[in-house]
Amino acid sequence: MTTIAQDTPTGKATLPPGPRPMPYIGNLLSLRSDPLGYMQQLQRRYGNMATIHMGRTPLVVLFRPEYVRYALIEHPRTFSNEGMGPQRNDESVANEGLLTIDGEQHRQQRRAVQPAFHKKQVEGYASTIEQYTQELLQSWHTGDTLDMSSAMQALTLRIVSKCLFSLDLSNQLSALGDNFNAMLGNSTSTAEDLLNIHIDNTVTGYGKRLAATRQLDRIIYTLIAQRRENNHEQNDMLSMLITAPSGATPETNLTDKQIRDHMLTFLAAGHETTAISLTWTFYLLSKYPQVREKLQDELRSVLAGRTPTMDDLTKLPYLEWVLNESMRLYPPAWMQARFVVQDFELDGVHIPAGTMIMLSQWVIHRLPEFWDEPETFRPERWDPDHSETITPGAYFPFGGGPRMCIGMPFAQLEAKMVLALILQRYTPQAVPGYNPGLKPTITLRPKHNLRTTLLPADLNSTSAQWKQLISVPEATLTSNEERNGCLGAMLRLFGLL
């Protein structure tokens with residue numbers, strides 16, 4: 001990469017150095033081809049910060065934990081979400097949702113929905129999480145091979161819909177999942193957004209995203225209309241949104257479009273990040289069997305086969321450490337960007353208003369300066385009695401400051417309960433030869449869905465037999481049905497079915 005200083009119109013260098021941009025598109029080609037690797041390459045070459053260009057707009061990437069604290073916690077009003085991403089008239093995104101609005105409007109509407117995430121309210125969601133997870137487990141059988149990525153997406157979408165909006169979407173999960181995949185998992189649309197190329201057809205990423213959004217809109221606007229007609233108030237987020245002030249005047253309520261944007265934001269973010277976190281966790285537990293064994297030993301010791309209660313979760317520290325470590329290595333939100341609204345200085349570098357900044361969880365969560373053996377999955381690093389300390393700002397999977405993810409307590413409860421319930425019944429093992437790959441779009445998904453075989457939870461007692469079982473080459477099985485049939489026959493042979 002050729003290094004250049006970034007100049008102001010007067011010629012005085014102010015921004016940190018970075019790779020030379022191409023005319024019109026800046027550094028988008030490099031960022032588009034391998035965003036995670038490119039971010040790490042920038043950090044290794046330029047150190048604490050570097051400048052790249054999104055088209056003609058400079059973007060300063062910050063690579064220090066103290067910079068994370070500066071931007072998200074200490075000086076959040078220096079930065080804005082407005083001006084980021086797609087245009088306000090782009091109907092394919094929730095431009096008036098909680099993730100994108102700013103200032104007093106954001107503070108007021110966040111307060112309006114905050115009761116949905118108060119401690120007692122979140123604890124009340126536990127029964128729904130348990131019920132829906134148990135229903136999923138009843139459809140599984142030892143020896144099945146299944147798409148864990150899709151299973152977790154469907155489960156978390158059903159849970160968030162019921163908990164936040166009193167909706168049972170069990171009959172629509174497949175169609176809804178496909179539409180959310182088109183919205184959130186389309187890698188082409190990210191580049192189109194940055195270049196502001198919006199072509200509405202069935203070929204472009206934007207066109208596919210728009211078609212999916214219109215399908216979701218038909219459901220969401222129908223629900224809003226039905227709730228407005230039904231005057232008896234329910235204690236859920238949809239009722240809170242319908243009565244919430246818009247921020248324009250105290251007596252003005254949110255429009256249907258604003259409510260739709262909030263619902264779309266919470267449905268999308270509320271299920272996507274937890275599903276991804278669980279998927280990566282199951283992958284890591286397959287890769288590190290000693291960690292999985294230690295976690296299942298803790299579950300057996302504390303729960304003895306019982307469904308975990310809220311009190312139980314406080315007695316399962318290793319469960320929390322496993323999830324923390326999973327989100328360190330594979331943060332569902334792999335970067336955060338902000339628009340600079342006030343000039344500021346950082347370590348002697350002047351960054352003017354109009355610049356974009358980016359903070360990458362992917363890079364900062366893996367910096368050797370702050371993480372011992374950063375590429376290793378080691379939940380013990382989260383033990384408060386351990387000698388390793390976590391530098392503030394070095395770990396921020398949920399963001400930080402006034403814009404920290406409002407649903408964090410709900411997401412943490414959901415992930416803990418789902419993981420505990422599944423591991424009490426099964427040991428999901430990635431199929432032989434599985435390589436997840438990386439798909440960094442809005443979130444960090446595996447490039448290839450996680451396929452797992454459901455082994456017994458008490459794997460230790462039958463480890464030799466199961467090692468033979470799971471070593472069957474995937475290529476020898478031509479379909480799910482053949483694979484499941486083969487596994488089932490072997491399980492019966494071993495007396496495990």
Side-chain angles (χ1 to χ4, degrees), residues 1-7 15-64 67-68 71 79-81 83-87 90 92-93 99-100 183-199 204-206 208-209 272 276 329-340 349 351 354-367 396-397 399 436-447:
M1 290 186 291
T2 303
T3 302
I4 62 170
Q6 312 297 324
D7 297 336
L15 299 182
R20 184 178 296 277
M22 296 178 65
Y24 302 108
I25 63 172
N27 304 105
L28 276 173
L29 288 182
S30 297
L31 185 63
R32 175 73 172 82
S33 62
D34 180 15
L36 301 177
Y38 187 60
M39 287 291 116
Q40 289 182 296
Q41 186 181 10
L42 288 172
Q43 188 277 325
R44 292 177 186 131
R45 176 159 187 173
Y46 299 103
N48 294 344
M49 59 181 79
T51 302
I52 58 176
H53 285 78
M54 302 291 99
R56 297 180 178 179
T57 302
L59 183 152
V60 178
V61 192
L62 305 174
F63 295 117
R64 298 281 303 181
Y67 299 165
V68 174
F79 310 94
S80 171
N81 273 23
M84 301 301 306
Q87 301 299 311
D90 180 359
S92 73
V93 294
L99 290 178
T100 49
M183 282 182 58
L184 301 172
N186 195 306
S187 58
T188 304
S189 62
T190 303
E192 292 171 355
D193 285 340
L194 292 170
L195 290 171
N196 199 25
I197 299 173
H198 288 166
I199 302 172
T204 65
Y206 173 76
K208 293 176 183 177
R209 189 176 69 196
E272 170 81 357
I276 291 174
L329 278 171
Y330 297 102
W334 64 274
M335 66 88 180
Q336 290 185 300
R338 295 286 190 272
F339 191 75
V340 180
V349 177
I351 300 179
T355 309
M356 293 166 60
I357 67 161
M358 180 185 288
L359 305 162
S360 174
Q361 287 97 326
W362 173 263
V363 176
I364 296 175
H365 285 190
R366 293 168 178 260
L367 290 176
F396 57 113
L438 296 166
K439 188 178 182 181
T441 54
I442 297 173
T443 53
L444 180 58
R445 294 180 169 200
K447 187 175 182 179

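Since this is a predicted model, take the numbers as computed values, not measurements.
- The shortest distance between side-chain heavy atoms of Leu438 and Tyr330 falls below 4.5 Å.
- Annotation: the span from Asn27 atom CG to Thr51 atom OG1 amounts to 9.5 Å, rounded to 0.5 Å.
- Thr355 is linked by a side chain to side chain contact (heavy atoms under 4.5 Å, CB included) to Leu15, Pro58, Val60, Val340, Ile351, Pro352, counting only residues two or more places apart in sequence or in another chain.
- Not one N or O on the side chain of Trp334 forms a donor-acceptor pair closer than 3.5 Å with the backbone of Arg445.
- Taking each heavy atom of Gly26 and Pro21 in turn, the nearest pair found is CA-CB, 3.7 Å.
- Side-chain contact between Tyr38 and Ile52 is present, with heavy atoms from C-beta onward closer than 4.5 Å.
- Residues passing the salt bridge (Lys or Arg N to Asp or Glu O under 4.0 Å) test with Arg64, sequence neighbours excluded: Glu66, Glu369.
- Phe396 is listed as a side-chain neighbour of Leu359, based on a closest heavy-atom distance under 4.5 Å.
- How far CG of Leu444 is from CH2 of Trp362: 6.0 Å, rounded to the nearest 0.5 Å.
- Scanning both residues, Ala333 and Pro397, for their nearest heavy atoms gives CB-O, 4.4 Å.
- Side chains of His365 and Leu329 form no contact here, defined as non-hydrogen atoms less than 4.5 Å apart.
- With a 4.5 Å cut-off on side-chain heavy atoms, Leu367 and Gln43 count as touching.
- Side chain of Ser360 to main chain of Met335: no donor-acceptor pair is present (N/O by atom type, distance under 3.5 Å, no hydrogens or angles).
- Taking all atoms of both residues into account, the shortest heavy-atom contact from Gly354 to Thr57 is O-CG2, 4.3 Å.
- Side chains of Leu29 and Arg32 form no contact here, defined as non-hydrogen atoms less than 4.5 Å apart.
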side-chain contact (heavy atoms from CB on, under 4.5 Å) evaluation trace for Gln336 with Val68: CA-CA 10 Å; Gln336 290 185 300; Val68 174; over 6 Å; no
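- Residue Asn81 holds its CG atom at 4.5 Å from CZ of Arg338, rounded to the nearest 0.5 Å.
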Residues Met22, His53; criterion side-chain contact (heavy atoms from CB on, under 4.5 Å); working and verdict: CA-CA 9 Å; Met22 296 178 65; His53 285 78; over 6 Å; no
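- Nearest heavy-atom pair, Ala71 versus Ile357, reported as atom, atom and distance to 0.1 Å: CB-CD1, 3.9 Å.
- Under a cutoff of 6.0 Å and an axis angle of 45°, Arg366 and Phe63 do not form a cation-pi pair.
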